S.K.: 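Let me begin by handing over the structure; questions about it come next.
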Amino acid sequence: MNILITGGAGYIGSHTARALLEQGHKVCVFDNLSRGHKEAVQRTVGLEQLTIASLHDTDRLTQVLLSEGIELVIHLAAFALVGESQTRPEMYFRNNVLGSQSLLSAMNQANVHKLIVSSTTAVYGTPRQMPITESFERAPVNQYGRTKLEMELSLEHAVSQSDLAVVALRYFNAAGAHPNGDLGEDHHPETHLIPITLQVALGQREQLEIFGDDYATPDGTCVRDYVHVCDLASAHICAMDVLSSGKVQYFNIGTGAGTSVSEVLDACRKVSGHPIPSVAGIRRSGDPDILYADNSKAVSELKWSPKYTSIEQIVETAWKWHSESPSGYRSG
Ligand SMILES: NC(=O)c1ccc[n+]([C@@H]2O[C@H](COP(=O)([O-])OP(=O)(O)OC[C@H]3O[C@@H](n4cnc5c(N)ncnc54)[C@H](O)[C@@H]3O)[C@@H](O)[C@H]2O)c1
């Protein structure tokens, strides 16, 4: 199939592009490189398949969809930092909501009717019960989550007006790197726990600050569902088989198990062989105690299951990437 990935120069997009290529698909990347890396595209689909442009450029999107004979779009381009979304809410609205609407309009003009999008656990906000199923109320507690909810609502409206088929994958915490060691996480600033912890092992930070150790969890630190980025990539491939006109289908993509910050830290110490000093700091506002997925819908309907089921396995791949490329893609 001819597939366009928006945000294909980013962390999850580059792994997804490689997984699709391995399945024999023709893959093009549309990315403005605001947060992504040309090198990641070079290592996957090749630079000749990269269009450097913004989602807001509807005409350019339409032209690429038509000229490349695109049959399916995988839409990952977005801003995804919770803290930044709170300080720059309009920028997030414009990029994540209006950017998605521009894509829908281009797809409509180019007669492309298949769409897989990345949504997030942040649409659920702070649920009172665990695990989280897809039927839980959508009640985001930050601007990032609100923009993804707005995107979901726009998609629901669009499918009611056309024969568009949509799968929205609500990822939990993406983690790890490609086992080859040549693709991985390289965000500026980095806000994700595993890269930050491994930066201490690499001597790039003095210590890990743990944001609160008095949560209602067994060891007092927050519990999250870390899902390997290659497992996220394979979920998109599974999703291609269930696309069905006139519907938005939602799936949680997580392992179904929670891991605490202390457990992640222990895994990073064990894998890197470094003591990784840590200090308990104060809580960040709005961090729920525990979040993990009920992934049974993805398992039964998408026939998806995560291959990386232990935090140590996930950290091993991240460590390979970060230790071999300590400056990320700039390491060459
Ligand atoms: N990383 C996670 O844990 C996580 C969890 C849940 C959902 N998500 C979602 O997954 C998607 C990918 O996340 P990621 O971690 O790979 O992020 P990323 O920042 O690494 O990748 C996003 C890519 O989109 C591009 N982009 C952003 N705005 C654009 C625009 N207007 N036009 C063209 N390109 C644009 C960036 O340059 C970047 O390459 C996002 O939609 C994010 O909201 C991520």
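Both ligands and their constituent atoms are indexed starting at 1 by order of listing. Not measured: the values here are computed from a predicted model. In what follows, residues are counted from 1 in the order of the sequence shown.
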S.K.: Are K270 and E312 within salt-bridge range, i.e. N to O under 4.0 Å?
M.R.: yes
S.K.: What is the closest protein heavy atom to atom 4 (C) of ligand 1, and at what distance does it sit?
M.R.: I12 CD1, 4.0 Å
S.K.: One residue to check: Y144. Relative to ligand 1, which of side chain, backbone, both or neither has a non-hydrogen atom less than 4.0 Å away?
M.R.: side chain
S.K.: Just which atoms of ligand 1 are under 4.0 Å from any heavy atom in K148?
M.R.: 40 (C), 41 (O), 42 (C), 43 (O)
S.K.: Among protein heavy atoms, which sits nearest to atom 22 (C) of ligand 1, and what does the distance come to when rounded to 0.1 Å?
M.R.: A78 O, 3.9 Å
S.K.: Checking T6 side chain against L76 main chain: does a donor-acceptor pair fall under 3.5 Å?
M.R.: yes
S.K.: Closest heavy-atom contact between A158 and L104?
M.R.: CB-CD1, 4.1 Å
S.K.: Evaluate whether atom CZ of R88 has more than 12 neighbouring non-hydrogen atoms of other residues, nucleotides or ligands under 6.0 angstrom away.
M.R.: no
S.K.: Of the protein's non-hydrogen atoms, which lies at the shortest distance from atom 5 (C) of ligand 1, and what is that distance?
M.R.: F172 O, 3.4 Å
S.K.: Atom 33 (C) of ligand 1: which protein heavy atom is closest, and how many Å away?
M.R.: N32 N, 3.2 Å
S.K.: Can you sort out which atoms of ligand 1 are near T120, meaning under 4.0 Å from one of its heavy atoms?
M.R.: 6 (C), 7 (C)
S.K.: How about NZ on K26, more than 12 heavy atoms from neighbouring residues, nucleotides or ligands closer than 6.0 Å, or not?
M.R.: yes
S.K.: Taking the non-hydrogen atoms of G8, is any one of them nearer than 4.0 angstrom to ligand 1?
M.R.: no
S.K.: Using non-hydrogen atoms of the residue, decide whether S119 is closer than 4.0 angstrom to ligand 1.
M.R.: yes
S.K.: Side chain or backbone of A53 under 4.0 Å from ligand 1, or both, or neither, by non-hydrogen atoms?
M.R.: backbone
S.K.: Which ligand 1 atoms are under 4.0 Å away from a heavy-atom of G36?
M.R.: 36 (C), 37 (O), 38 (C), 39 (O)
S.K.: If the contact criterion is a heavy-atom separation under 4.0 Å, does L33 count as touching ligand 1?
M.R.: yes
S.K.: Among all protein heavy atoms in this structure, tell me which lies nearest to atom 32 (N) of ligand 1, with the distance rounded to 0.1 Å.
M.R.: L55 N, 3.0 Å
S.K.: In this structure, does ligand 1 have an atom that sits under 4.0 Å from one of the heavy atoms of E185?
M.R.: no
S.K.: Measure the distances from the heavy atoms of H192 to every atom of ligand 1 and state whether one is below 4.0 angstrom.
M.R.: yes
S.K.: Give the residue and atom name of whichever protein heavy atom lies nearest to atom 10 (O) of ligand 1, and the separation in Å to one decimal.
M.R.: Y171 CE1, 3.2 Å
S.K.: Within ligand 1, which atoms have a heavy atom of A80 less than 4.0 Å away?
M.R.: 42 (C), 43 (O)
S.K.: Under 4.0 Å from a heavy atom of L76: give me the atoms of ligand 1 that qualify, with their elements.
M.R.: 11 (C), 12 (C), 40 (C), 41 (O)
S.K.: For S119, which of K148, R138, E152 qualifies under side chain to side chain donor-acceptor pair (under 3.5 Å)?
M.R.: E152
S.K.: Under 3.5 Å between some N or O of ligand 1 and some N or O of G10?
M.R.: yes
S.K.: So which protein heavy atom does atom 18 (P) of ligand 1 come closest to, and at what separation?
M.R.: H187 NE2, 3.6 Å
S.K.: Measuring from atom 19 (O) of ligand 1, which candidate in R224, H56, R35, K38 has the nearest non-hydrogen atom?
M.R.: R35
S.K.: Do the ring centers of F30 and H75 come within less than 6.0 Å of each other?
M.R.: no
S.K.: Between Y11 and ligand 1, is there a nitrogen or oxygen pair with a distance under 3.5 Å?
M.R.: yes
S.K.: Which atoms of ligand 1 sit under 4.0 Å from any heavy atom of S34?
M.R.: 26 (N), 27 (C), 28 (N), 36 (C), 37 (O)
S.K.: Please say whether the positively charged group of R283, taken as NZ for Lys or CZ for Arg, lies over the ring of Y215, i.e. under 6.0 angstrom from the six-membered ring centre and within 45 degrees of the axis.
M.R.: yes
S.K.: For atom CZ of R269, decide whether the heavy atoms of other residues, nucleotides or ligands shown that lie under 6.0 angstrom number more than 12.
M.R.: yes
S.K.: Looking at atom 3 (O) of ligand 1, what's its closest protein heavy atom, distance included?
M.R.: A174 N, 3.1 Å
S.K.: Between R224 and D287, does at least one N-O distance fall below 4.0 Å, as a salt bridge requires?
M.R.: yes
S.K.: I'd like to know if G99 contacts ligand 1, where contact means a heavy-atom distance under 4.0 Å to any ligand atom.
M.R.: no
S.K.: Which atom names give the shortest non-hydrogen contact between A9 and D31, and what distance separates them?
M.R.: N-OD2, 3.1 Å
S.K.: Do V45 and L20 belong to the same hydrophobic cluster, where Ile, Leu, Val, Met, Phe, Trp and Tyr are linked whenever their side-chain heavy atoms lie under 4.5 Å apart, directly or via other members?
M.R.: yes
S.K.: Please indicate whether L66 has more than 12 foreign heavy atoms, meaning atoms of other residues, nucleotides or ligands, lying under 6.0 Å from its CG.
M.R.: yes
S.K.: For E90, is there an ion pair with R94 - N to carboxylate O distance below 4.0 angstrom?
M.R.: no
S.K.: Within a radius of less than 6.0 Å around CD of E48, do more than 12 heavy atoms belonging to other residues, nucleotides or ligands occur?
M.R.: yes
S.K.: Are H37 and ligand 1 in contact, using a heavy-atom cut-off of under 4.0 Å?
M.R.: no
